[in-house]
Amino acid sequence: QVQLVESGGGLVQAGGSLRLSCAASGRTFSNYVMGWFRQASGKEREFVGYISQNGRVTYYLDSLKGRFTISRDNAKNTVYLQMNSLKLEDTAVYYCAASAGLSLSPMAEAYRYWGQGTQVTVSS
């Protein structure tokens, strides 16, 4: 079992920045691919990006490249999502997720463990 707890969400003005954190406990954090997903009200859950177990590989939704950055600190069992130049359409609940699979995947089905989510609201 892996327990994931997100933090850092909140209300921010368009153009601003937020950094989300996801703290993991349980099994060895460095064994897991970590992903970030988001779900806006009335919409389906959407892939944001992932980071490999050693942090050397990251991949993002095309529309987010250049604005969002995922990093991790395996010594602290934490993965981060840095969000810059936020837009109104970035408003959503953001989830981190952990995958023990050998392959890197943007599919939600590949991630077994999920956090409870943190709300990000971007205002004009």
Side-chain angles (χ1 to χ4, degrees):
Q1 282 273 349
V2 175
Q3 292 79 42
L4 302 172
V5 179
E6 301 97 336
S7 61
L11 177 65
V12 63
Q13 285 193 323
S17 298
L18 276 178
R19 188 176 82 155
L20 305 183
S21 300
C22 173
S25 60
R27 299 196 174 188
T28 305
F29 177 70
S30 59
N31 287 345
Y32 292 85
V33 174
M34 297 301 297
W36 284 95
F37 293 78
R38 67 184 183 182
Q39 188 167 17
S41 180
K43 296 187 177 181
E44 293 188 353
R45 189 167 297 189
E46 176 181 56
F47 169 75
V48 171
Y50 62 62
I51 186 166
S52 63
Q53 293 92 329
N54 60 13
R56 293 176 182 172
V57 178
T58 54
Y59 179 77
Y60 304 93
L61 183 68
D62 280 348
S63 60
L64 302 178
K65 290 179 182 177
R67 295 197 300 121
F68 286 20
T69 303
I70 299 173
S71 61
R72 67 190 294 164
D73 185 338
N74 286 343
K76 294 183 178 180
N77 291 352
T78 302
V79 63
Y80 305 97
L81 176 64
Q82 177 68 44
M83 305 184 293
N84 299 326
S85 302
L86 283 161
K87 303 177 180 181
L88 296 179
E89 54 264 39
D90 294 320
T91 295
V93 177
Y94 284 73
Y95 300 89
C96 68
S99 170
L102 297 178
S103 60
L104 301 170
S105 175
M107 304 300 294
E109 293 77 10
Y111 295 81
R112 181 173 182 180
Y113 302 105
W114 291 78
Q116 82 289 348
T118 186
Q119 176 71 48
V120 171
T121 303
V122 183
S123 65
S124 59

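Throughout, numbering of the chain's residues begins at 1 and tracks the sequence.
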Partners passing side chain to side chain donor-acceptor pair (under 3.5 Å) against Thr121 (at least two apart in sequence or in another chain):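 Per chain and number, Thr121 pairs via side chain to side chain donor-acceptor pair (under 3.5 Å) with Gln119.
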Heavy-atom side-chain proximity of Gln53 to Asn31 below 4.5 angstrom: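 Not touching, per the 4.5 Å side-chain cut-off.
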Within-4.5 Å side-chain heavy-atom neighbours: Arg38 and Leu64: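 Sidechains of Leu64 and Arg38: in contact.
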Derivation and outcome, side-chain contact (heavy atoms from CB on, under 4.5 Å), residues Leu4 and Met34: CA-CA 10 Å; Leu4 302 172; Met34 297 301 297; 3.9 Å; yes
What heavy-atom pair brings [X] and [Y] nearest, and what distance separates the two atoms?
{"X": "Gln13", "Y": "Val122", "value": "C-CG1, 4.0 Å"}
{"X": "Val79", "Y": "Ser71", "value": "CG2-O, 3.1 Å"}
{"X": "Asn74", "Y": "Ser30", "value": "ND2-CB, 3.5 Å"}
{"X": "Ala23", "Y": "Thr78", "value": "CA-OG1, 4.2 Å"}
{"X": "Ala92", "Y": "Ala40", "value": "CB-N, 3.7 Å"}

Verify, without hydrogens or angle tests, whether [X] (side chain) and [Y] (backbone) share a donor-acceptor contact under 3.5 angstrom.
{"X": "Arg72", "Y": "Phe29", "value": "yes"}
{"X": "Thr118", "Y": "Tyr94", "value": "no"}
{"X": "Ser105", "Y": "Met107", "value": "yes"}
{"X": "Thr91", "Y": "Glu89", "value": "no"}
{"X": "Glu6", "Y": "Leu20", "value": "no"}

Straight-line distance of [X] [atom1] to [Y] [atom2], nearest 0.5 Å:
{"X": "Ser25", "Y": "Gln3", "atom1": "OG", "atom2": "CD", "value": "4.0 Å"}
{"X": "Lys87", "Y": "Ser124", "atom1": "NZ", "atom2": "OG", "value": "15.0 Å"}
{"X": "Thr58", "Y": "Leu104", "atom1": "OG1", "atom2": "CG", "value": "10.0 Å"}

Name of the residue among Leu86, Asp90, Leu81 meeting side chain to side chain contact (heavy atoms under 4.5 Å, CB included) with Leu18: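 For Leu18, the side chain to side chain contact (heavy atoms under 4.5 Å, CB included) check succeeds only for Leu86.
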Close aromatic pair by centroid cut-off 6.0 Å: Phe37 and Phe47: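 Yes, close enough.
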Centroid-centroid under 6.0 Å between Tyr60 and Phe68 rings: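 No, too far apart.
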Chi angles and distances behind the side-chain contact (heavy atoms from CB on, under 4.5 Å) call for Cys96, Trp114: CA-CA 6 Å; Cys96 68; Trp114 291 78; over 6 Å; no
Arg19-Tyr80 side chain donor-acceptor pair, cut-off 3.5 Å: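 Side-chain D/A pair, Arg19 to Tyr80: absent.
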Pair Ser17, Asn84: side-chain N/O donor-acceptor within cut-off below 3.5 Å: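 Asn84 and Ser17 do have a side-chain donor-acceptor pair below 3.5 Å.
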Lys76 atom NZ, neighbour heavy-atom count above 12 within 6.0 Å: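 No - once you tally the heavy atoms of other residues, nucleotides and ligands closer than 6.0 Å, there are 12 at most.
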Single-linkage hydrophobic cluster Val57~Tyr59, side-chain heavy atoms < 4.5 angstrom: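 Same cluster.
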